[in-house]
Amino acid sequence: MFKSHTCGELRAAHVGQEVTLAGWVNLRRDFGGVIFIVLRDRAGLTQVVVSAETAPDARTVAAEVRNEYVIQVRGVVRRRPVDQVNVEWATGEVEVEAHEVHILNTAQTPPFYIYDDAPVDEALRLRYRYLDLRRKRMQRNIILRHRTVQFIRAYLDQHGFLDIETPQLFKSTPEGARDYLVPSRVHPGKFYALPQSPQQLKQLLMVAGFERYYQIARCFRDEDLRGDRQPEFTQLDLEMSFVHRDDVLDLVEDLVTNLIPAVVPEKRILSPFPRLSHAEALARYGVDKPDLRFGMELVDLTAALAQSGFGVFSGAVQSGGQVKGIVAPGCADYARSEIDTLTEIAKGQGAKGLVTLAFRADGVKGSAVKFLSEGELAEIAVRTGAQTGDLVCIVAAEEAVVGAALSALRLTFRDRLALADPQLLAFGFVLDFPMFEWNAEEQRWDAAHHPFTMPRPNTYEAMIADPLAVLSDAYDLVCNGYELASGSIRVHDPKIQMDIFRVLGYPEDEARAKFGHMMEAFSYGAPPHGGMAPGIDRLVMLMAGENNIREVIAFPKTAQATDLMADTPASVSARQLKELHIRLDL
RNA sequence: GGGGGCGUAGUGUAGUGGUUAACAUGUCGGCCUGUCAAGCCGAAGAUCGCGGGUUCAAGUCCCGUCGCUCCCGCCA
């Protein structure tokens with residue numbers, strides 16, 4: 001070994017010991033006669049002192065050293081003078097007085113600071129990802145990710161889950177995200193697809209009788225990126241046999257409730273996790289992934305304003321829509337430009353406009369005030385609970401638009417007014433999703449979750465006649481405004497499965513071609529089963545306090561799905577294409 | 001596919017259409033035996049992302065393009 005200790009472990013108790021350290025030069029401070037080197041490795045920082053008086057040869061070498069050189073130091077652990085203890089460091093009580101310094105490797109001057117987490121252009125970070133990963137923030141995040149996965153593996157092992165791998169080369173599925181395809185050399189013109197999730201395979205593992213399965217599974221979806229979406233990402237995929245919905249939820253809640261204090265003890269959670277129906281989430285927050293850290297819930301004003309003389313309100317109600325509002329505390333003094341910004345946010349979600357009512361000491365202000373009666377204004381104040389100084393934001397439109405607009409505004413106020421406790425991880429479950437969604441563009445029903453989702457027991461009978469009335473046994477885990485996991489109880493009865501395919505408009509032969517292996521498997525004694533798949537990247541992102549999953553992925557891709565370090569995707573040789581029977585049409 | 005933001009020494013930034021493009025930091029050299037983002041002195045370092053255009057004059061205005069980024073669509 002090149003080292004006897006790490007740079008993070010020396011303490012006063014080691015004083016007097018002869019040690020060997022090895023690592024990177026974090027910083028060097030050269031006083032001529034004495035040189036201080038801050039040595040860094042994964043474990044931490046240790047100050048090395050090289051004195052011309054006691055170690056002239058070592059000092060000569062130390063004078064040549066530059067930032068990010070890889071060096072090895074032999075020396076004696078010394079207690080620092082009392083007034084020179086560095087209280088910021090775990091090793092700050094001591095330093096190593098070097099008598100030997102060896103340069104193991106030199107380094108070019110890095111393109112950005114390693115010893116400081118100061119912001120750097122994203123493209124530069126990604127181009128030199130291996131250097132970015134040396135920085136404290138990324139080391140912390142990647143280590144946190146490791147601890148999280150280790151905890152999950154141990155927990156699931158203790159609870160009887162088996163870690164089973166499933167193929168990366170599998171079959172394209174007709175619904176869902178765009179697949180990443182892999183051409184077959186052996187079978188000209190045929191393709192594998194990289195899994196969007198191991199969904200079918202984990203269900204087949206239940207048919208196979210493993211009863212409890214999990215996998216830290218890489219998933220691939222060829223869709224455009226977001227801050228919380230990468231083309232390849234990692235799920236904790238788990239599936240259980242002989243369970244009802246609450247068995248799955250209870251297990252995931254217990255896992256997460258134990259995980260958080262174990263790996264991020266400074267964070268707090270809600271306990272128990274709130275469980276609300278999909279309909280309730282939409283009604284109260286306007287979205288199916290609410291940030292539960294703060295209130296500012298949507299207030300329904302539809303009944304109060306249905307007969308309003310203000311056509312924006314009454315018109316929306318007459319055409320089957322809603323009028324709802326939120327109260328922004330203390331925002332009654334917002335300037336015109338700020339109101340315009342809020343209006344743009346609402347319009348960005350499809351709203352035609354935004355009605356704002358500023359409850360000021362000298363009355364209610366806002367461009368719509370003149371269209372509203374005294375009684376209506378009073379009614380709005382009562383229903384919303386608006387106080388003097390508050391700003392009420394009202395959207396009138398169809399239900400989906402009202403929810404989208406007000407929830408976007410709610411998150412805007414969250415950030416502006418710092419309404420959400422950054423140390424709180426507000427996990428919650430959203431339940432009872434609709435089974436089907438009407439796809440107006442293609443004039444057919446889509447599965448809201450996926451076609452293997454079991455309908456809620458008491459709603460199944462209505463399925464063929466009225467798909468919209470069917471609720472599914474699907475559920476999401478949400479946290480701080482993100483969807484962290486989705487899951488469901490699965491269909492294990494081939495007859496119900498065929499009914500679902502019928503609603504989805506799959507002819508029986510097509511269903512058999514796409515999912516025949518599933519249907520056949522279910523006919524050989526499939527147990528009742530269900531599962532869930534928390535996104536590891538998003539979970540670690542939230543635990544780390546980051547707002548982009550790039551920060552918890554060692555080698556992520558850009559928003560354009562490229563890798564700037566390796567310059568990927570890239571062209572391949574004509575020979576490779578020919579082997580794969582592929583001709584480009586660009 | 002659409003929309004917004006950003007792009008100026010290695011890095012982070014400043015820069016009313018008008019001198020030699022500024023500041024900090026880093027880099028290099030010198031001095032320095034107790035610093036901890038050390039200090040002091042000195043030096044080098046910029047085709048202002050790229051290509052067009054407007055103008056007597058463009059880092060600055062316009063068009064296009066490339067890169068990064070956020071959002072909408074998309075994401076069973």
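Atom pair A:Gln235:CD and B:C75:P shows a separation of 16 Å (rounding to whole Å applied). Note: CG (A:Leu124) to P (B:G10) measures 11 Å, nearest angstrom. The nearest whole Å value for the distance from the CD atom in A:Glu223 to the C1' atom in B:C74 is 5 Å. Note: CD1 (A:Ile37) to P (B:U33) measures 17 Å, nearest angstrom. Distance A:Leu225 CG to B:G73 P: 15 Å, rounded to the nearest Å. Between the CZ atom of A:Arg125 and the P atom of B:G12 there is a distance of 11 Å, rounded to whole Å. Residue A:Asp567 contributes atom CG, which lies 16 Å from atom P of B:C66 at whole-angstrom precision.
Across all strands shown, A:Ile35 has no heavy atoms under 4.0 Å from either base or sugar-phosphate atoms. A:Thr562 comes within 4.0 angstrom of sugar-phosphate atoms only, judged by non-hydrogen atoms across all strands, and of no base. Using a 4.0 Å heavy-atom criterion, one finds that A:Arg226 contacts the bases of the nucleic acid, with or without backbone contacts as well. Across all strands shown, A:Ser197 has heavy atoms under 4.0 Å from base atoms, whether or not it also approaches the sugar-phosphate. Here A:Asp224 lies in heavy-atom contact (under 4.0 Å) with a base. Residue A:Glu53 is classed as a base contact, given a heavy-atom separation below 4.0 Å to a base. Counting any heavy atom pair closer than 4.0 Å across all strands shown, A:Gly227 reaches sugar-phosphate atoms only and no base atom. Across all strands, A:Gln199 comes closer than 4.0 Å to base atoms (heavy-atom distances).
Nucleotide B:G10 is matched to B:U25 when pairs are restricted to Watson-Crick or G-U wobble geometry with both distances under 3.5 angstrom. The partner of B:G64 is B:C50, judged by Watson-Crick or G-U wobble contacts that both fall below 3.5 Å. Taking a pair to require two hydrogen-bonding distances under 3.5 Å in either a Watson-Crick or a G-U wobble arrangement, B:C74 remains unpaired. Applying the Watson-Crick and G-U wobble criteria (two distances, each under 3.5 Å), B:U55 pairs with nothing in any strand.
When side chains are defined from C-beta on, A:Arg127 does not count as touching A:Met565, because their heavy atoms never get closer than 4.5 Å. Counting only heavy atoms from C-beta outward, the side chains of A:His529 and A:Glu239 approach each other to under 4.5 Å. By the 4.5 Å heavy-atom criterion applied to side chains, A:Tyr482 and A:Asp228 are counted as neighbours.
For A:Ser51, no side-chain nitrogen or oxygen approaches OP1 or OP2 of B:U33 to under 4.0 Å. A sub-4.0 Å separation between OP1 or OP2 of B:G34 and a side-chain N or O of A:Arg78 is absent.
Residues A:Gln203 and A:His492 have side chains that never bring a donor and an acceptor to within less than 3.5 angstrom of each other. No side-chain donor-acceptor contact under 3.5 Å links A:Arg78 and A:Gln47. Residues A:Arg410 and A:Thr412 bring no donor and acceptor atom of their side chains to less than 3.5 Å of each other.
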Original post:
Going 5' to 3' along nucleotides 36-44 of chain B, which nucleotides have protein heavy atoms under 4.0 Å from the base (write B), which only from the sugar-phosphate (write S), and which from neither (write -)?
Top reply: BSB------

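The closest donor-acceptor contact from the side chain of A:Gln497 to the backbone of A:Pro451 lies under 3.5 Å.
Spacing of C1' atoms, B:G3 relative to B:U8, comes out at 26 Å, to the nearest Å. Rounded to a whole angstrom, the distance from the P atom of B:C50 to that of B:C66 is 15 Å. Distance noted for atom P between B:A58 and B:G52: 14 Å (whole Å). Of the C1' atoms belonging to B:G29 and B:C68, the separation is 36 Å, rounded to the nearest Å. Comparing the P positions of B:G67 and B:A21 gives a spacing of 31 Å, expressed to the nearest Å. Nucleotides B:C32 and B:C40 place their C1' atoms 9 Å apart, quoted to the nearest Å. With both ends at atom P, the span from B:C63 to B:A9 equals 24 Å, rounded to whole Å. Only the C1' atoms considered, B:G7 is 14 Å distant from B:A46, to the nearest whole Å.
Counting only heavy atoms from C-beta on, A:Ala559 has its side chain closest to B:U69 among B:U11, B:U69, B:C68. Of all nucleotides listed (B:G34, B:G67, B:U27), B:G34 comes nearest to the side chain of A:Val49. Relative to the side chain of A:Glu95, the nucleotides B:U33, B:G34, B:C75 differ in distance, and B:G34 lies closest.
In terms of position on RNA chain B, the residue among A:Pro119 and A:Tyr113 whose nearest nucleotide sits closer to the 5' end is A:Pro119. RNA chain B is contacted by both A:Thr558 and A:Ala177; A:Thr558 maps to the nucleotide lying nearer its 5′ end (nearest heavy atom per residue).
Note on ring orientation: taking the six-membered ring where Trp is involved, the planes of A:Tyr506 and A:Phe501 are parallel (angle under 30°, cut-offs 30° and 60°).
For A:Ala396 against A:Val402, the heavy-atom pair with the smallest separation is C-CG2, 4.2 Å. Here the closest non-hydrogen pair linking A:Asp288 and A:Val478 is O-CG1, 3.7 Å.
On a pure distance criterion of 3.5 Å, no polar donor-acceptor pair joins the side chain of A:Arg221 and the base of B:C75. Contact of A:Arg127 with B:G67 (side chain to base): no donor-acceptor pair of N or O atoms is detected under 3.5 Å.
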